[in-house]
Protein chains: 2
Amino acid sequence: MFSKACEYGIRALLYVAVKSHGGERVIISDIAKEIDSPVSFTAKILQQLVKAAVVTSVKGPHGGFEITDEKMKTTTLAHIVEIIDGPAIFRSCGLGLGVCDEGTPCPLHFKYHNVRSELKKMLETSTLEKLIQGVERGSTHLKL
Amino acid sequence: MFSKACEYGIRALLYVAVKSHGGERVIISDIAKEIDSPVSFTAKILQQLVKAAVVTSVKGPHGGFEITDEKMKTTTLAHIVEIIDGPAIFRSCGLGLGVCDEGTPCPLHFKYHNVRSELKKMLETSTLEKLIQGVERGSTHLKL
DNA sequence: TCCGAAATATGACAAAAGTCATCTTTTGCT
DNA sequence: AGCAAAAGATGACTTTTGTCATATTTCGGA
Ligand code: FES
Ligand code: FES
């Protein structure tokens, strides 16, 4: 469904959000350990998200990643997926036609369109703030 | 969402089904032309589907691929996706956790589970027979 | 029986995704 | 000023996915 980069990116961001919520900055090695992901790859993805201004980074001693309460509230999974995997999943044809167009629909178009809308809605209504609540409560997990 | 192999496979099967419905066998070069796909790659995928007994092939002059009315009725997109891409899309965690388990759910689990079920239902209720109706009517397309 | 048409099998190759390692830059602290 | 800790940048490498090409097998028909 999503790329590995996207999966790691979301999990990393959620972990940063949990820590930032508790007032702590977090370093990449800690993130990778806590979400069980490759360190360097995770770093690359976080860089993308820093550029996209979703998360902020601080270099040097006692540096690390952090995310503001404001960003937690306004950033949705839809944003993150679009940044990392691009908009294709929200727009492209399920059967691989060049464009997904009501004018020349593929045989699956109308049904697929529904499911895709559900997915989109789900991602658009999932903010980081909401998602970390379960993690803080210990009822949901970022690794197994 | 689906791999290219899967997209080509579905489109190829639908084209075979349309032709078989009209009593014609169809050769690989014709399929590739009509669904706008690479010939050799499409051949490989069709071989997989022949092994899985979804479609039948006949070698030699006037050979080609064909699919019975019975198979068109009973074969769903869910079957095809599972044959080509495997069962991961129906079962794996949206955030890449090793297993998708109610016991140790990821923060997205419950919402994701819903969407995934919708997708599954959609694919399970889409038989080849139903899907080719639009193609025969000219209202849906296998290439643009 | 021989020829040609077709699927099948195999492997080389290219592109993309994912992983790993190394070096550079920035910055707080002593 | 110098050290060490951290992100940032870069590139090599591996694996997976997708593509292309070539040989082999099967079989109908002249
Ligand atoms: S045209 Fe295929 S999903 Fe819209
Ligand atoms: S555990 Fe992540 S989707 Fe079920």
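In what follows, chains carry the letters A, B, and so on, assigned in the order in which the sequence lines appear, proteins first and then strands, with residues in each chain numbered from 1.
- The shortest distance between side-chain heavy atoms of A/E7 and A/S3 does not fall below 4.5 Å.
- For the pair A/M122 and B/L108, the minimum side-chain heavy-atom distance is below 4.5 Å.
- As rounded to whole Å, 15 Å separates atom C1' of C/dA7 from atom CD1 of B/I45.
- A donor atom on one side chain and an acceptor atom on the other are not found under 3.5 Å apart for B/S126 and B/T76.
- A straight line from NZ of A/K4 to C1' of D/dT17 spans 15 Å, rounded to a whole angstrom.
- Per the geometry, CG belonging to B/D30 stands 16 Å off P belonging to C/dA5, to the nearest Å.
- Between the C1' atom of C/dT26 and the CZ atom of A/R25 lies a distance of 13 Å, rounded to the nearest Å.
- Classified by interplanar angle (parallel below 30°, tilted 30° to 60°, perpendicular above 60°), the ring pair A/F41/A/Y8 is perpendicular.
- In this structure, A/C93 and A/H109 have side chains that are not in contact, with every pair of non-hydrogen atoms separated by 4.5 Å or more.
- We find that CD1 of B/I84 is positioned 17 Å from C1' of D/dT16, with the value rounded to whole Å.
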Protein-nucleic acid N or O pairs under 3.5 Å, nucleotides 2-8 of chain D:
residue : atom : partner : partner atom : Å
D/dA6   : O4'  : A/G60   : O            : 3.4
D/dA7   : OP1  : A/I28   : N            : 3.0
D/dA7   : O3'  : A/S57   : OG           : 3.1
D/dG8   : OP1  : A/S57   : OG           : 2.5

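- Rounded to an integer number of Å, the gap from NZ of A/K44 to P of C/dT22 is 15 Å.
- Atoms CZ (A/F41) and C1' (C/dT22) sit 18 Å apart, rounded to a whole Å.
- An OP1 or OP2 oxygen of C/dT19 is reached within less than 4.0 angstrom by a side-chain nitrogen or oxygen of A/Y8.
- Salt bridge annotation for B/E118-B/K121: present, with a cationic side-chain nitrogen under 4.0 angstrom from a carboxylate oxygen.
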